[in-house]
Amino acid sequence: MLKAKEPIPTFLLFLCVWFIVIKSPPGADSAQPAPAGAGKSQVKEAAGKALDSAGTIEMKTASCSGQDLLDPMSRYWSQASAAVVALKPQNIVTPYGGGSISTVLVKGLKLSSGVAFRFEWKDETKDSDTVHQTKFRDAVAIEFPLGTAGDTVLAMGSPHGPVNIWHWKADWEPDAPVMNDKPYDRDIDSPSIASSASVYRRLHVDSPREANTAQGVGGPASGVYNLFPQSAHHSPVEDLVAIGISSVSTKPERFQTLKGRGVWRDGRWHVVIYKPLAERKDEDCPEFVPRSSLNTAVAIWNGSKQDRNGMKSVSNWMTLKVR
Amino acid sequence: MSRVWNEQLKRWTTYPYDLPDQYDFQWSAIFNVNRCIACQTCTMACKSTWTFGKGQEHMWWNNVSTKPYGDHPRGFDAKLLSMLPKGKTIFEAAPEGERVLGYIPDDVDYDYPNAFEDSTCGPHIGAGQYQEIDVSKHKTQDKQWFFYLQRICNHCKKPACLAACPRKAIYKRKEDGIVLIDQERCRGYKKCIMACPYKKTFYNTYTKTSQKCIGCYPRVEQGETTRCIAACIGKIRLLGNIEDEKSPIHYLVHKAKVALPLYPQFGTEPQIYYIPPRWVNTKFLAMMFGNYDEAKIKHAVKTYMNARHDVELLGVLQLFGTTQQIVGSYEIINRGNPKEAKVRAFDLKGQELFVVPIYPKVEVHLTRDEQLNITDIKELASLDIRRDANVPWRNQY
């Protein structure tokens, strides 16, 4: 029974708030013009379809090129069905962390030339600066078990059940801040353009010409196979394999074929990872056979919360249904 | 977590991995603080050898700072000491979800490596006043004091950087105990920078990987000392294998007990040992080198000040900076006869390196100062010339 004194019943008020918050298209108040070919924000399509930790992602077949899908705002992405994946802090292995990102919207599309995934999540800060001491990157990764074992360990696999990880990094995007790429000058003291050069404004920093004659462009790490010291990354996505905690390793350079693009707009990341189907057989990669399903999991790092390594927000295993 | 024995704290502590209590060879060094003049030759020798590249501008694998206020990165020790509960190591005090207690310094903390250079500590001395120094006793602690602290990576027996690395990219070499970061596996998580209590791992802002002092392992593999030790013009440093009972390092640390580790309370068993400065407040030194035990400092300073009556200690002190080879062992010749006493040094393979007298012949040439009308140095000391404005000697300078 409702109390007669209440002018508006509580549940009606709640309904109104729900309508305003959920049903309003996100990004509608944005002053920024959408780029050519950009569709509406795709959160709306997924509303109400939130998955729990054991959810399902459907991967439909699309008829467009991989290049079309590399734009996260492309209209082609609206044909994909979306899943809202719940994330939780990683607390299996020290260092613990994460938890600041609670959900991510995941879409998958299959092309004749490859497969693509799109991730969208709320993050008020764009963290692509890994030049400063206390700054860390935003990142997203999708994990697949390799082989047929149905019980692959979620946390980085195991020697008997390895995993393949596709890892997008905000600081590997072409517009991310870099160190010393412009000569040292007093303008650097202005924090507003800290992105253009040195962090250590009070110290002497060699100009690029001087520095390059010194110890090699990348220092000691440039003499070994490590993608991090590369001054310009050919892709913001790294292809990795792991056989357990602490074991994650970059695949050899010939298998680094992943492409990607991340756009941060209005407090949200929109990231696409595209895997071209290799002519050369890469055994450390899952097969996306039509009418089959495989396990997958997602992790997100929030740089402004000092997320890195195991400090991340993670999903449980989910089912990826390839149509 | 494993239970491990900490030899410096003389108690069982915890550590994320099982590590041997002893190595066949543990890279270790003695720094004699009393002799350092902060010329920074060591610093530049290191910088020009290892860290002159892009992204390494803020890295000082070797630095010499003025204590008590200075250090690089700024205030690293005061900050960690304020975070660390007394009686716990940084492993035992690790917060939930972490393996080690620590913090990452800010960019600005790396900006001023020479901050507080030559700044003294102690009661205020007004204009026109001077500090009294009793030169006759040779052992006084000054009211106003500072000292130079020489720091490189301690190549700890329980390395915090190694413990904290989630990728196991850091390892301690079995053959010499040197701690290294695998540049192929490092992904720049900065966990080692957070964990190292001495802040001697550095983030390379260009390669996005972390780097640290490599103990000059290419030189050590050839039986040579590190660049910082070889370049030291004050002859304050000595490198060796502390696990070998014949080594001068073992003698100074375990037998004479004249050299003490830096901040042993952190629990990493650091392998640089310092002969503490004789003129500095004992309580302060106990916090830095004695795990708050003043008796250790008093013993070390007293033993060092008495070196001229201790033929073995004085002999070992002659080994500092005399060769670029690592001294593996030594012997004292004519121990009973000070005039003829010598020390003979051997390299790591047992080959003789050199022989030097322990009590070098000293000749004192007295000159007469006609203006002051004095000849003897004692006479000079007895004159309170500093307060007498009418002494003509003052006007010459």
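In the text below, chain A, chain B and the rest are named by the order of the sequence lines, each starting its count at 1. No experiment lies behind these values; they were computed from the predicted model shown.
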Fill in the blank from the handout: Heaviest contributor of heavy-atom pairs below 4.5 Å to chain A, chosen from B:E98, B:K191, B:K168, is B:K191
Practice task
To the nearest 0.5 Å, tell me how far B:D109 CG sits from A:Q133 CD.
Solution key: 9.0 Å
Fill in the blank from the handout: So, the part of A:D171 with a heavy atom under 4.5 Å from chain B: the answer is side chain
Practice task
Can you see which heavy atom on A:H132 is nearest to which on B:D107, and at what distance?
Solution key: CD2-OD2, 2.7 Å
Exercise for the section: For A:T250 and B:R187, work out which heavy atoms get closest and say how close. Expected result: OG1-NH1, 3.7 Å
Completion exercise
Here the pair of heavy atoms bringing A:F228 nearest to B:K208 is O-CG, 4.0 Å
Completion exercise
In short, A:S247 meets B:R185 closest at the heavy-atom pair CA-NH2, 4.2 Å
Handout entry: Whether B:Y203 side chain and A:T134 backbone form a donor-acceptor pair below 3.5 Å
Key = no
Completion exercise
Smallest heavy-atom separation, B:I104 atom then A:R308 atom, equals CD1-NH2, 3.6 Å
Problem - Flag for B:R167-A:S246: side-chain donor and acceptor within less than 3.5 Å - result: no
Handout entry: Contact leader toward chain B among A:V248, A:I245, A:N91, where contacts are heavy-atom pairs under 4.5 Å
Key = A:V248
Exercise for the section: Taking A:N309 for its side chain and B:Y189 for its backbone only, find out whether a donor-acceptor pair lies under 3.5 Å. Expected result: no
Practice task
Could you tell me whether A:Y96 atom OH has more than 12 heavy atoms of other residues or ligands within 6.0 Å of it?
Solution key: yes
Completion exercise
In short, B:R99 meets A:V93 closest at the heavy-atom pair NH2-CG1, 4.5 Å
Practice task
Report the C-alpha distance between B:M194 and A:Q306 in whole Å, list the side-chain angles of each, state the deciding distance to 0.1 Å, and finish with yes or no for side-chain contact (heavy atoms from CB on, under 4.5 Å).
Solution key: CA-CA 12 Å; B:M194 187 210 76; A:Q306 310 271 301; over 6 Å; no
Problem - A:E238, part contacting chain B, at a heavy-atom distance under 4.5 Å - result: side chain
Problem - Heavy atoms of other groups near A:K305 NZ, more than 12 under 6.0 Å - result: no
Practice task
Count the heavy atoms of every other residue, nucleotide or ligand shown that sit under 6.0 Å from NZ of B:K172, and state whether that count exceeds 12.
Solution key: yes
Exercise for the section: Identify which part of B:P105 has an atom lying under 4.5 Å from any heavy atom of chain A, answering side chain, backbone, both or neither. Expected result: backbone
